[in-house]
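Here is the structure we will look at.
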Amino acid sequence: MKSIIIIGYMGAGKTTVGKALAKELGVMFYDLDWYIETRMHKTVKEIFDEKGEEGFRIIEHNMLHEVAEFENVVVSCGGGTPCFFDNMDYMNQLGTTVYLKATPETLHAHLQMGKGVRPLLLNKTPEEVETFIKEQLKQREPFYLKAQHIFDIDVIDDYDKIQNTVKKLRLQLG
Ligand code: S3P
């Protein structure tokens with residue numbers, strides 16, 4: 001099996017879906033942010049604080065190359081991963097790419113429920129976050145839409161039923 005690489009905006013559920021899909025397929029799961037933090041012995045926020053976004057993107061690019069070399073795994077990327085360097089083309093060459101597509105409203109709702117620290121969203125009011133998501137999604141979507149599979153999470157009636165999502169995703173991946 002080619003590795004499955006899950007992409008999409010922050011709050012799309014890449015890690016949750018990726019983990020469940022890997023379990024279902026009986027393969028290893030790697031979350032790129034987790035991999036970066038483990039390899040660098042620093043949190044993503046610490047890397048942003050120390051090296052800025054530009055520094056983080058270089059590390060992310062290098063770590064993507066390490067993770068993408070693993071065979072037969074499921075990888076979930078950071079929301080920005082496909083949008084820098086040649087990362088998206090590289091992922092399309094090495095794996096089966098899946099874009100978890102969601103409306104800005106769904107992403108915002110998920111991000112409000114989530115507890116993870118996202119440096120790009122820190123120190124913003126909920127209104128500012130809403131505008132930021134809409135604008136950034138417009139810039140990023142051309143990259144996301146290069147994925148080989150597009151999986152619309154808004155059509156899942158009950159997103160909490162993760163098994164439902166994974167079942168539909170498996171069917172789509174064939
Ligand atoms: C980022 C998304 C984050 C993380 C970093 C930057 C982005 O990952 O890589 O904070 O630019 O969208 P998640 O999409 O898993 O939150």
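Numbering of ligands and ligand atoms starts at 1, following listing order. As a basis for the values below, the full set of heavy atoms in this structure was taken, side chains included, without hydrogen atoms, waters or symmetry mates. It should be emphasised that the depicted structure is a prediction, and the values quoted were computed from it without experimental measurement.
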_Distance, nearest 0.5 Å, that separates CD1 of Ile7 from CG of Leu100_ = 8.5 Å
*Taking non-hydrogen atoms only, is Arg57 closer than 4.0 angstrom to ligand 1 via side chain, backbone, both or neither?*
side chain
_Please check whether Leu120 reaches ligand 1 - meaning an N/O of the residue sits under 3.5 Å from an N/O of the ligand, judged on distance alone._
no
*Taking it one step at a time, do Leu173 and Phe151 satisfy side-chain contact (heavy atoms from CB on, under 4.5 Å)?*
CA-CA 10 Å; Leu173 291 178; Phe151 188 74; over 6 Å; no
*asked:* So, regarding Gly79 and ligand 1 (criterion: nitrogen or oxygen to nitrogen or oxygen, under 3.5 Å), is there a contact or not?
replied: yes
*Hey, do the aromatic rings of His65 and Tyr90 have their centres closer than 6.0 Å?*
yes
*Atom NZ of Lys23 with >12 non-hydrogen neighbours under 6.0 angstrom*: no
*Within a distance under 4.0 Å of any heavy atom of Gly78, pick out the atoms of ligand 1 and give their elements.*
8 (O), 9 (O), 14 (O)
*Is Tyr9 close to ligand 1, meaning an N/O of one under 3.5 Å from an N/O of the other?*
no
*Looking only at side chains, do Thr81 and Asn87 share a donor and an acceptor under 3.5 Å apart?*
no
*Are any of the side-chain nitrogens in Glu54 or Arg57 under 4.0 Å away from the carboxylate oxygens of its partner?*
no
_Asp154/Lys101 ion pair, N-O < 4.0 Å_ = no
*What's the shortest distance from atom 9 (O) of ligand 1 to any protein heavy atom, and which residue and atom give it?*
Asp33 OD1, 2.8 Å
_Is there a polar contact between ligand 1 and Glu53, counting only N or O atoms under 3.5 Å apart?_
no
_ligand 1 versus Thr15: contacting region, heavy-atom distance under 4.0 Å_ = neither
*ligand 1 versus Arg140, non-hydrogen atoms closer than 4.0 Å: side chain, backbone, both, neither?*
side chain
*Check the surroundings of atom CD in Glu71: do more than 12 heavy atoms from other residues, nucleotides or ligands lie under 6.0 Å from it?*
no
_For atom 5 (C) of ligand 1, what is the closest protein heavy atom, and at what distance to 0.1 Å?_
Val44 CG1, 3.9 Å
*asked:* Quick test: of every protein heavy atom, which one is nearest to atom 10 (O) of ligand 1, and how far off is it to 0.1 Å?
replied: Pro119 CD, 3.4 Å
*Which ligand 1 atoms, with their elements, are less than 4.0 angstrom from a heavy-atom of Phe56?*
9 (O)
*Quick one: nearest non-hydrogen protein atom to atom 16 (O) of ligand 1, plus distance?*
Arg118 NE, 2.8 Å
*Does NZ belonging to Lys167 count more than 12 external heavy atoms closer than 6.0 Å?*
no
